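Inspection log for the structure reproduced underneath, given as structure tokens.
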Protein chains: 2
Amino acid sequence: MTKFLSFDIGGTKLSYAIVDEKGKICSGIHKKSTPKTVEELFFMLCQITNENEGQFDYVSFATAGAVNLENTLVRSSTPNMPEGYRNLDFSRVSKSNIFVENDANAAAWGEYKKGAARGYKNIIVITLGTGIGGGIIINRKLLRGKSGKAGEVGSIKIHTDAVRECTCHNFDCWEAYASGTGMKETIRRLAKIRPSFRKGVYRNARVEDITTIDLIKSAQRGDEFAKEVFETWQHHVALGIISLVNIFDPEIVVLSGGMGEVVDCKKLEKEVNHNIVVDPVKIVPAELKNNAGMVGAALLAYENLELHEDNRI
Amino acid sequence: MTKFLSFDIGGTKLSYAIVDEKGKICSGIHKKSTPKTVEELFFMLCQITNENEGQFDYVSFATAGAVNLENTLVRSSTPNMPEGYRNLDFSRVSKSNIFVENDANAAAWGEYKKGAARGYKNIIVITLGTGIGGGIIINRKLLRGKSGKAGEVGSIKIHTDAVRECTCHNFDCWEAYASGTGMKETIRRLAKIRPSFRKGVYRNARVEDITTIDLIKSAQRGDEFAKEVFETWQHHVALGIISLVNIFDPEIVVLSGGMGEVVDCKKLEKEVNHNIVVDPVKIVPAELKNNAGMVGAALLAYENLELHEDNRI
């Protein structure tokens with residue numbers, strides 16, 4: 001049985017575990033804060049690899065940022081990662097062969113092989129968190145694009161008038177509305193114009209102190225303002241999915257990430273199916289949750305490193 | 001040399017020609033108005049087929065509407081086509097084998113094989129006309145989706161607030177802004193609020209009489225109002241393309257259709273490349289123009305029908 005030391009490296013957290021060729025996690029799942037400099041991060045990865053020496057055959061990485069077509073390094077600048085991250089030489093982390101994939105792509109592959117999208121052929125996996133990521137599987141193959149950067153679904157435009165600036169400095173990206181960051185902006189904007197804001201649980205709150213978790217709890221408890229923000233946010237989530245479903249005509253959309261867990265999938269599915277011109281689609285929550293990236297990276301590494309099978313479009 | 005009687009059937013016009021297996025048009029190109037009833041349309045197709053009997057081996061159709069995965073019939077309702085069009089039995093038009101493909105997909109294939117996208121692997125072809133169609137080629141293959149309906153790019157959402165109703169009865173589809181119909185709506189909306197409307201060539205015009213052709217000419221002649229409408233429209237065109245490029249990371253975007261011809265491709269390319277997070281993309285006008293659908297349908301039919309025969313031997 002081939003085993004992988006599989007990492008999931010995000011802007012805030014870094015997790016790793018030993019994953020076997022069937023996608024089974026066969027160690028504890030370790031979590032750390034992502035170091036603030038690329039030197040510390042590199043050192044940490046080497047240290048973890050050394051500590052686990054002998055327990056794995058290959059090393060796989062699910063990482064923030066776009067990955068090159070050879071699956072060896074990060075090609076894009078990644079605003080949430082330490083400076084210089086795109087130059088990190090993953091091949092020097094271990095003497096074993098390594099395999100690198102974008103985290104949203106790896107998570108999509110994990111959900112396709114072992115999670116909520118098992119058995120489907122045309123799949124969109126959306127990761128809703130601080131930002132929005134996407135992994136797209138077309139007829140059982142991962143969409144990579146001309147240079148490995150495809151699937152940047154967070155940058156779909158959902159407004160005509162340059163209303164919201166995104167962290168990428170462009171305007172009206174889907175991510176500026178439908179991510180956690182987007183929900184916070186919706187709180188800020190609606191608080192200014194809705195009298196309901198000062199009539200419920202936020203009567204004495206400072207807008208900038210309201211977190212997304214807090215907002216979601218208040219909505220669940222029936223606060224009018226929080227309910228409106230939540231519904232507006234979920235409508236924003238729907239808009240990008242409607243576009244993607246019209247473009248790809250997939251069987252299933254899987255929602256992962258922290259913000260994905262709070263979506264009312266049944267209600268969202270209804271709104272989406274009411275607004276598309278292709279055949280109806282299923283919308284379901286992710287099953288592997290935070291492990292999807294590690295599992296997917298290991299499974300992709302297995303197919304690429306062992307079988308040399310081309311599972312990319 | 002295998003020959004095809006190849007049709008391109010749109011909401012307003014119907015064209016046909018004899019196309020050979022290399023994509024060469026080897027007859028005159030005939031154009032007719034699309035009949036208003038499905039009975040008249042069926043009769044016309046049969047008549048044309050009979051008149052050309054002996055000059056072709058197969059019949060290929062590029063048609064408005066989504067086509068099933070077997071390439072035999074139209075699966076979707078098509079608002080611009082005669083009522084009952086989705087039930088039209090193409091196989092009864094001729095004794096020869098037939099092949100049906102969505103017009104935007106066929107046009108994309110034509111541009112990929114014989115036109116502006118020759119030599120590229122990841123291609124988006126946008127048809128800008130009365131509506132918007134799209135054909136997407138990923139690593140040399142046509143994107144079809146779970147049921148043949150993929151590529152409905154006209155239904156990308158580009159506004160959050162239900163501002164414009166589309167002919168599909170949903171709101172804020174890209175098509176409601178960036179098609180010819182969309183430009184007319186922009187004329188109507190801007191005429192209400194811009195004093196420049198009554199200061200130039202339209203000082204005595206009725207808004208509803210201004211055609212897109214007329215508007216484009218006035219913009220080219222420097223009318224302030226017409227220039228603003230045109231630039232707004234071109235920005236609307238850019239928005240959908242930005243989303244698609246971020247999703248697919250293609251090498252090239254080809255603009256076809258009547259409204260595609262009037263786009264300032266250089267300016268559009270600049271706006272798009274300034275607003276994407278993937279690598280830069282080329283944006284070019286179509287080369288085959290109105291013939292792309294006929295040529296693409298014939299070439300797709302050749303690959304599908306001929307290979308089928310080989311399989312049976």
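Naming: A, B, ... by sequence-line order, numbering from 1 per chain. Because the structure is predicted, anything quoted here is derived from the model rather than measured.
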- [ ] Would you check if A:N170 and B:I276 make a side-chain contact, meaning some heavy-atom pair closer than 4.5 Å?
- [x] no
Turns out that what part of A:D279 lies under 4.5 Å from chain B's heavy atoms comes down to both
Bottom line for A:D161: the part with an atom under 4.5 Å from chain B's heavy atoms is side chain
If you tally heavy-atom pairs under 4.5 Å between each of B:V278, B:V245, B:I158, B:V153 and chain A, the highest tally belongs to B:I158
Applying a strict 4.5 Å limit to non-hydrogen atoms, the region of B:Y177 in contact with chain A is side chain
In terms of heavy-atom pairs under 4.5 Å with chain B, the winner among A:V281, A:I242, A:I247 is A:I247
Smallest heavy-atom separation, A:K157 atom then B:S243 atom, equals N-OG, 2.8 Å
Rounded to the nearest 0.5 angstrom, the CG-SG distance for B:N275 and A:C173 is 8.0 Å
Does any part of the side chain of A:N246, heavy atoms only, come nearer than 4.5 Å to the side chain of B:I156, both counted from C-beta? no
Ranking A:V163, A:V277, A:I136, A:T232 by heavy-atom pairs under 4.5 Å to chain B gives rank one to A:V277
Applying a strict 4.5 Å limit to non-hydrogen atoms, the region of B:L143 in contact with chain A is side chain
Highest number of heavy-atom pairs under 4.5 Å with chain A among B:F171, B:W174, B:F248 belongs to B:F248
Applying a strict 4.5 Å limit to non-hydrogen atoms, the region of B:R75 in contact with chain A is side chain
Under 4.5 Å to a heavy atom of chain B? For A:H235 that would be side chain
For A:N122 and B:G145 the tightest heavy-atom approach is ND2-C, 4.2 Å
Rounding to 0.5 Å, atoms CG (B:D172) and OG1 (A:T160) come to a distance of 8.0 Å
Next on the checklist: Does A:E83, at its CD atom, have more than 12 non-hydrogen atoms belonging to other residues, nucleotides or ligands within less than 6.0 Å?
Outcome noted: no
When the 4.5 angstrom heavy-atom criterion is applied to A:H159 and chain B, the contacting part is both
Max heavy-atom pairs within cutoff under 4.5 Å with chain B, candidates A:H274, A:K146, A:K121, A:E152, goes to A:K146
Report task. Salt-bridge test for A:K149 and B:D249: reply yes if a basic N is under 4.0 Å from a carboxylate O, no otherwise. Result -> no
